[in-house]
Amino acid sequence: MNVWKITGGHRLCGDVRVQGSKNAVLPIMAASILAGCETEIINCPQLSDVEAAMEILRHLGCRAEREGDIVNIDSHGMTRTDIPRDLMHEMRSSVIFLGAILARTHEAQLTYPGGCELGARPIDMHLEALRALGAQIEEDGGKLECRDSGLVGTRIALPFPSVGATENAMLAACGAAGQTTIVNAAKEPEIVDLQCFLRSLGASVAGAGTSIVTISGFAPRQIVGHRVMSDRIVSATMLCCAACAGGALTLHGVVPDDFETVSAALEEMGCTIERRSMSVKIVCDRPLRAARAITTRPYPGFPTDAQPLLMAACLKAAGTSEFMENIFENRFRHVDGMRRMGADIAVSGRTASVTGVRELAGAEVSATDLRGGAALVAAALGAQGVTQIADSGHILRGYEDLDRLLNSLGADVRFEGEEPLSLENAM
Ligand code: EPZ
């Protein structure tokens, strides 16, 4: 049953321990291939994308098992070098396995991951980086045949600070002779977490979090375990849910700096934000005013993944909020669902102007992608009446038990056909 029914009008109150980061754990799971031994990934969120990554590892001949929030991977028994089409298409970020498979086996066969709801999602920068290291990559009808006769460290200048291309280059460089320098590297916190994991495997990596990352050699050693960073986009999502519904939430186990651009935007809109070393508290107890212009950029700029979520928080804010989406060409697909709820949004190319309305009304909408679906959930929390969100499977790719979490904070989120919540919850 993938239709969520959300009855709006319930304030959110309570404490949230934010899940491990999807976008940190996926490249770390790919990196486990380099180890050739057992690795333990702690604080690993239960997500369909993580399941897909475990399927890929098992297909390659590795062992991948979950015990609660720990995923144990043993890549010693790796026997294959190919990722089949169905697994590639199940999760487009599977391309992140390419660099690690090459570094370990010097050959790899996979298909183009293909576009997704956000746009074409090309991988040219990934392939150019691997070719710079000495990989021969033949592209034939959507298939990629990759091999190398020994990767050699080099200087890789990325034309754009692509997160995935930076990660693929880092992983491949671990199998290269000599030093690799990645210039114009992505600076996202997930890159820093990957560096931390690679160091624990015995790789010499430095510079993650800056635009220049160097990798010089890799001497595999046994690893005890790595605790994945908390998910900064889930943190941003929960803040925006509070802004939509009203109430007070405290996020625990987080790094406030990781999502400061979102916190600051909500503060300017009239929310109260308290930052401590490992927690952020938000209080939303008054009508909000429009956000200042939001322009998405690579980290440390405003994250594209939080753009739909902040837009949800702006739907009833007094005034007009301007959004400029610079990262993906098709990232306003949540606008249609928001308009069906009564939002006033004008879209022109990569810009969207949101003029706050007094009320939103529950409607029948569909999730179009992961963060767009989460944004419709946030908007529904602040709408009058019931919103039905179809295709909620998109949301499960990146959010662990979001329905249960929101209900624990006072919301009313049900799967269609589910019995109404107990009376006290419905009060
Ligand atoms: C990562 O995607 C994240 N996914 C995305 O999160 C996130 O939105 C994105 O980084 C930007 O922060 C994971 O980490 C699994 P990019 P990625 O390469 O690596 C273009 C979510 O909701 N580009 O930084 O694919 C690309 O088309 C997801 O959790 C090329 O042109 O992002 C895009 O316009 C969505 N050629 C821009 O660069 C390439 O070879 C940024 O892409 C690679 C990218």
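All ligand and atom numbering here is 1-based and tracks the order in the structure. Being a predicted model, the structure only gives us computed values, none of them experimental.
Scored by the side-chain contact (heavy atoms from CB on, under 4.5 Å) test, T81 finds I101, T105, E107, Q109 as partners (sequence neighbours excluded). Listed by chain and number, the residues in a side-chain contact (heavy atoms from CB on, under 4.5 Å) with R350 are M324, E329 (sequence neighbours excluded). Every residue was checked against the salt bridge (Lys or Arg N to Asp or Glu O under 4.0 Å) condition with E145, not counting sequence neighbours, and none meets it.
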Q: Apply salt bridge (Lys or Arg N to Asp or Glu O under 4.0 Å) to the pair K143 and E138, showing each step before the final yes or no.
A: CA-CA 8 Å; K143 281 184 185 295; E138 302 296 323; over 6 Å; no
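For a heavy-atom separation below 4.0 Å, the residues in contact with ligand 1 are K22, N23, R92, S93, L118, R121, P122, I123, D124, M125, H126, F160, S162, V163, G164, T304, D305, I327, F328, R331, L370, R371.
Using a 3.5 Å distance cut-off with no hydrogens or angles, the side chains of H106 and R147 do not pair a donor with an acceptor. Judged purely by distance below 3.5 Å, without hydrogens or angles, the side chains of H126 and N168 pair a donor atom with an acceptor atom.
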